[in-house]
Chemist: 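Below is a structure I'd like to ask you about.
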Amino acid sequence: MPLALLALAVGAFGLGTTEFVMMGLLPDVADDLHISIPTAGHLVSAYALGVVIGAPLLAALTARLPRRRVLISLMALFVAGNALSALAPGYDSLLAARFLSGLPHGAFFGVGAVVATGLVAPERKARSVSLMFMGLTVANIAGVPVATLMGQHLGWRATFLGVSLIGVAAMAAVFFLIHPTHTPAPTTGLRGELTALRSLPVWLALATTVVGFGALFSAYSYITPMLTHSAGYAEGSVTLLLALFGVGATIGNLVGGRLADHAMRGTLFGGLASMVAVLLLFPLLMRAEWSAALAVVLLGVAAFITGSPLQLMVMERAAAGPSLASSANQAAFNLANAGGAWIGGVALAAGFGVTSPSLAGAALAVLGLGVASVAYAVDRRREVPAPAHVRIVASHVPEPAEPAHSS
């Protein structure tokens, strides 16, 4: 695998760290800015909203630019957003800075995935995407816990300054490790990107992402009360357990990338099926500490097995203009985050028990299998050759009669 993929992974590490670290810093930010924790929670939503809006918007605006320049520009916007977060004088300005920080997130992953697949042979495309995504999963193992500790000891502003430095390192890595000849300006332009996005298989692939990863976030959004109220862990142990989720996600991401290069559709179905199984077992596994820790790891593995296949499937269905569709898939991941958390919250509020969000997630994973099956059927129908009688008629068109020879 080319070293250039490391540059994309560094950028993904920074994006993953700043996306998830706010969840651990909410009490510190709330105390410093004299706001409630629910109000501070809007800072998480602001980032997600930035991703959903920025992913297709920035991909469209940069459709004709060389992709190396686009990646550096997106990282520069990321650095600016995090620096402004660190310097924000109050809640409103921090909310705006978090929104700005989220704008380049989806476009970087979307354009980066297109660049990653262009750097390798066709049989290694899924692995190249998984190596870029590894920066995101490793952020959950190391980046988020370290950044959270930094914020708790040095102040939350120091965390965002540190993340800005990661963004600067990513800009340097892209500049020095990705050669301009490997990232020329696309020839399709915005019109070609929009045309590719009108395809039904593309939208079915995006819908699979929303529903499939919605299953993950339905359970993961409420993992802390499950671990403390059901499994019996102390609140101080949750950070370590979330790092275990990152370990599982990293394993699943690498395994999924390798398997998808051999059987993309089979890997996707297998990942969704394993998510159904894990989420159905969650209420049982959450009855003891050791099995709860195992459940957290298995959830990470099952969910992220599907990450690379989903990204690659969207890109292949929009092969004529993949950047916009690839970035839209990142917006779909964040819609899954919001929608899954909402559905899990509905189950919890209905009084079905602290582990009920996992059962809601299992139902979503089953629905994801259904959407993926429809997408498969549509793809197969488009690949079916012309009916036999049409080919026979076409092959027996009478030839013109030869002119009569005079004696």
Side-chain angles (χ1 to χ4, degrees), residues 1-21 51 55 67-79 82 101-102 104-121 124-147 162-180 182-183 243 245-261 300-301 303-312 315 322-323 326-327 329-330 333:
M1 287 292 178
L3 191 61
L5 293 175
L6 176 63
L8 300 174
V10 172
F13 178 81
L15 290 163
T17 299
T18 200
E19 179 179 20
F20 294 110
V21 74
V51 177
R67 286 165 175 164
R68 177 171 174 263
R69 188 192 306 170
V70 171
L71 292 172
I72 293 174
S73 300
L74 291 171
M75 270 293 110
L77 184 59
F78 169 80
V79 170
N82 282 278
S101 301
H105 181 113
F108 183 90
F109 275 106
V111 175
V114 175
V115 171
T117 56
L119 294 171
V120 299
R124 291 174 176 259
K125 285 185 175 182
R127 265 175 284 184
S128 72
V129 173
S130 72
L131 287 176
M132 181 188 70
F133 280 174
M134 190 170 68
L136 179 65
T137 59
V138 170
N140 285 282
I141 302 174
V144 173
V146 170
V163 173
S164 295
L165 293 178
I166 297 175
V168 173
M171 291 173 64
V174 170
F175 182 82
F176 288 109
L177 297 181
I178 300 180
H179 198 273
H182 294 153
T183 57
F245 173 81
V247 172
T250 301
I251 295 171
N253 176 53
L254 293 175
V255 170
R258 182 169 290 273
L259 292 177
D261 277 328
V301 173
F304 278 84
I305 280 177
T306 64
S308 298
L310 282 171
Q311 188 71 33
L312 195 60
M315 291 164 56
S323 294
S326 181
S327 299
N329 197 46
Q330 297 304 311
F333 279 120

Chemist: Quick one: closest heavy-atom pair of Ala55 and Gly106, and the distance?
Modeler: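 For Ala55 versus Gly106, the nearest heavy atoms are CB-CA, 3.8 Å.
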Chemist: Suppose we call two aromatic rings close when their centres sit under 6.0 Å apart. Are Phe109 and Phe333 close by that rule?
Modeler: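 Centroid distance Phe109-Phe333: not below 6.0 Å, so no.
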Chemist: Please enumerate all residues that pass ring pair (Phe, Tyr, Trp, His ring centres under 6.0 Å) together with Phe304, with sequence neighbours excluded.
Modeler: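 Testing Phe304 for ring pair (Phe, Tyr, Trp, His ring centres under 6.0 Å), a comparison that skips the adjacent residues, returns Phe213.
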Chemist: Please report the closest heavy-atom contact between Gly246 and Ile141, naming both atoms and the distance.
Modeler: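 Minimum heavy-atom separation between Gly246 and Ile141: C-CG1, 3.3 Å.
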Chemist: Please, which pairs that meet side chain to side chain donor-acceptor pair (under 3.5 Å) have at least one residue in residues 132-146, sequence neighbours excluded?
Modeler: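 For residues 132-146: Thr137-Thr250.
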Chemist: Sorted by first residue and then second, give each side chain to side chain donor-acceptor pair (under 3.5 Å) pair with at least one member in residues 6-16; sequence neighbours left out.
Modeler: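 For residues 6-16, and leaving out neighbouring residues, there are no side chain to side chain donor-acceptor pair (under 3.5 Å) pairs at all.
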Chemist: Is any side-chain heavy atom of Leu15 closer than 4.5 Å to one of Met75?
Modeler: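 Yes, their side chains come closer than 4.5 Å.
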Chemist: If I take atom CE from residue Met132 and atom CG from residue Leu5, how far apart are they, to the nearest 0.5 angstrom?
Modeler: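 Here the rounded value is 9.0 Å.
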Chemist: Looking at every heavy atom in both Ala142 and Pro145, which two are closest together, and how far apart are they?
Modeler: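 Looking at all heavy atoms of both residues, the closest pair is O-CD, 3.4 Å.
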Chemist: Indicate yes or no: at least one non-hydrogen side-chain atom of Thr117 is less than 4.5 angstrom from one of Leu312.
Modeler: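 The answer is yes, as the side chains (C-beta and beyond) meet within the 4.5 Å cut-off.
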Chemist: Let me confirm one number: the NE2-CG distance from His105 to Leu74, rounded to the nearest 0.5 Å.
Modeler: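 Those atoms lie 11.5 Å apart.
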Chemist: According to side-chain hydrogen bond (donor to acceptor under 3.5 Å, both in side chains), who are the partners of Gln330, at least two apart in sequence or on a separate chain?
Modeler: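 Applying side-chain hydrogen bond (donor to acceptor under 3.5 Å, both in side chains) to Gln330 gives Gln311.
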Chemist: Using modelled atom types and a 3.5 Å cut-off, is there a donor and acceptor pairing between side-chain atoms of Asn82 and backbone atoms of Val163?
Modeler: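 Absent.
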Chemist: Which value, rounded to the nearest 0.5 Å, describes the distance between Ser73 atom OG and Arg68 atom CZ?
Modeler: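 So the gap between those two atoms works out to 11.0 Å.
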Chemist: Measuring from Met134:CE to Leu254:CG, what's the distance to the nearest 0.5 Å?
Modeler: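 Reported value, rounded in 0.5 Å steps: 6.0 Å.
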Chemist: So Ile166 and Phe13, side chain to side chain contact (heavy atoms under 4.5 Å, CB included) or not? Walk me through it.
Modeler: CA-CA 8 Å; Ile166 297 175; Phe13 178 81; 3.8 Å; yes
Chemist: For residues Ser308 and Arg127, is any side-chain donor paired with an opposing acceptor at under 3.5 Å?
Modeler: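 No.
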Chemist: Keeping the roles fixed (side chain from Ser326, backbone from Gly110), state whether a donor-acceptor pair exists under 3.5 Å.
Modeler: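 Yes; at least one donor-acceptor contact below 3.5 Å.
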Chemist: Between CE of Met315 and OG of Ser327, what distance do you get to the nearest 0.5 Å?
Modeler: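 The distance works out to 10.0 Å.
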Chemist: Supply the atom-to-atom distance Leu8 CG to Leu71 CG, rounded to the nearest 0.5 angstrom.
Modeler: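 Here the interatomic distance stands at 6.0 Å.
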Chemist: Enumerate donor-acceptor pairs with a distance under 3.5 Å from any side-chain N or O in residues 171-178 to protein atoms, sequence neighbours excluded.
Modeler:
none

Chemist: Nearest heavy-atom pair of Ala126 and Gly257: which atoms, and what distance?
Modeler: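 What the structure gives for the nearest pair is CB-O, 3.3 Å.
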Chemist: Provide the full list of side chain to side chain donor-acceptor pair (under 3.5 Å) pairs with a residue in residues 4-15, sequence neighbours left out, each pair given once.
Modeler: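 Residue pairs with at least one partner in residues 4-15: there are none.
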